[in-house]
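These notes concern the structure reproduced below.
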Amino acid sequence: MVKNILITRPKMDSDILSKELRSIGFIPTQSPVIEVNYLNPDLPKLNDFSYVIFSSKNGIRAYAQKFPDRNLGIFVVGEGSAEEAYKQG
């Protein structure tokens, strides 16, 4: 039985997933249906907060990009977000 899988995640995330799927015998095809664009919104003063909660890798990447000198505590939802948080420091 052929194990073809269509992956619709953004390119950055689908590359990692494709590699993992190939290693267990699947044939992945990447076709991203969304593209992540980081915005530059006016945010409240981060010093007014003790923590920030992230529910996605992309949110963590955007935060790390916008705030290279960050010192807030964070909470994350999911293992992938936790891995990305550690990766971003």
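On a predicted model such as this, the values are computed, not experimentally measured, just so you know.
Taking CD1 of I53 as the start and OG of S81 as the end, the distance is 12.0 Å to the nearest 0.5 Å. One distance of note links CZ of R61 with CD of Q88; it measures 7.5 Å at 0.5 Å rounding. To the nearest 0.5 angstrom, S14 atom OG is 10.0 Å from L6 atom CG. Between I5 atom CD1 and R22 atom CZ the span is 11.0 Å, to the nearest 0.5 Å. Taken to the nearest 0.5 Å, the CZ atom of R9 stands 10.0 Å off from the OG atom of S18.
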F67 and L43: side chain to side chain contact (heavy atoms under 4.5 Å, CB included), yes or no, with the steps?
CA-CA 11 Å; F67 302 104; L43 296 173; 3.5 Å; yes
Taking it one step at a time, do E35 and N37 satisfy side chain to side chain contact (heavy atoms under 4.5 Å, CB included)?
CA-CA 6 Å; E35 179 180 311; N37 293 305; 3.3 Å; yes
Please assess Y38 against K66 for the test side chain to side chain contact (heavy atoms under 4.5 Å, CB included), listing each intermediate value before the final yes or no.
CA-CA 9 Å; Y38 298 122; K66 184 166 178 72; over 6 Å; no
Go through the steps to decide whether I60 and V76 satisfy the test side chain to side chain contact (heavy atoms under 4.5 Å, CB included), and finish with yes or no.
CA-CA 9 Å; I60 293 166; V76 299; 4.0 Å; yes
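For the pair Q30 (side chain) and I7 (backbone), a donor-acceptor distance under 3.5 Å is absent. A side-chain donor-acceptor contact under 3.5 Å links S23 to the backbone of E20.
Scanning both residues, N58 and P10, for their nearest heavy atoms gives ND2-CG, 4.5 Å. Scanning all heavy atoms of the two residues, the minimum distance from G59 to S56 falls at N-OG, 3.0 Å. The heavy-atom pair separating A85 from I74 by the smallest distance is CB-CD1, 3.7 Å.
Ring to ring, F54 and F75 are not that close: their centroids are 6.0 angstrom or more apart.
The residues D15 and K11 are annotated as salt-bridged, a charged nitrogen and a carboxylate oxygen being separated by less than 4.0 angstrom.
Heavy atoms of other residues, nucleotides or ligands lying less than 6.0 angstrom from CG of D48 number more than 12.
Connection of M12 to L21 is not established within any shared hydrophobic cluster, with ILVMFWY side chains joined at heavy-atom distances below 4.5 Å, either directly or through further cluster members.
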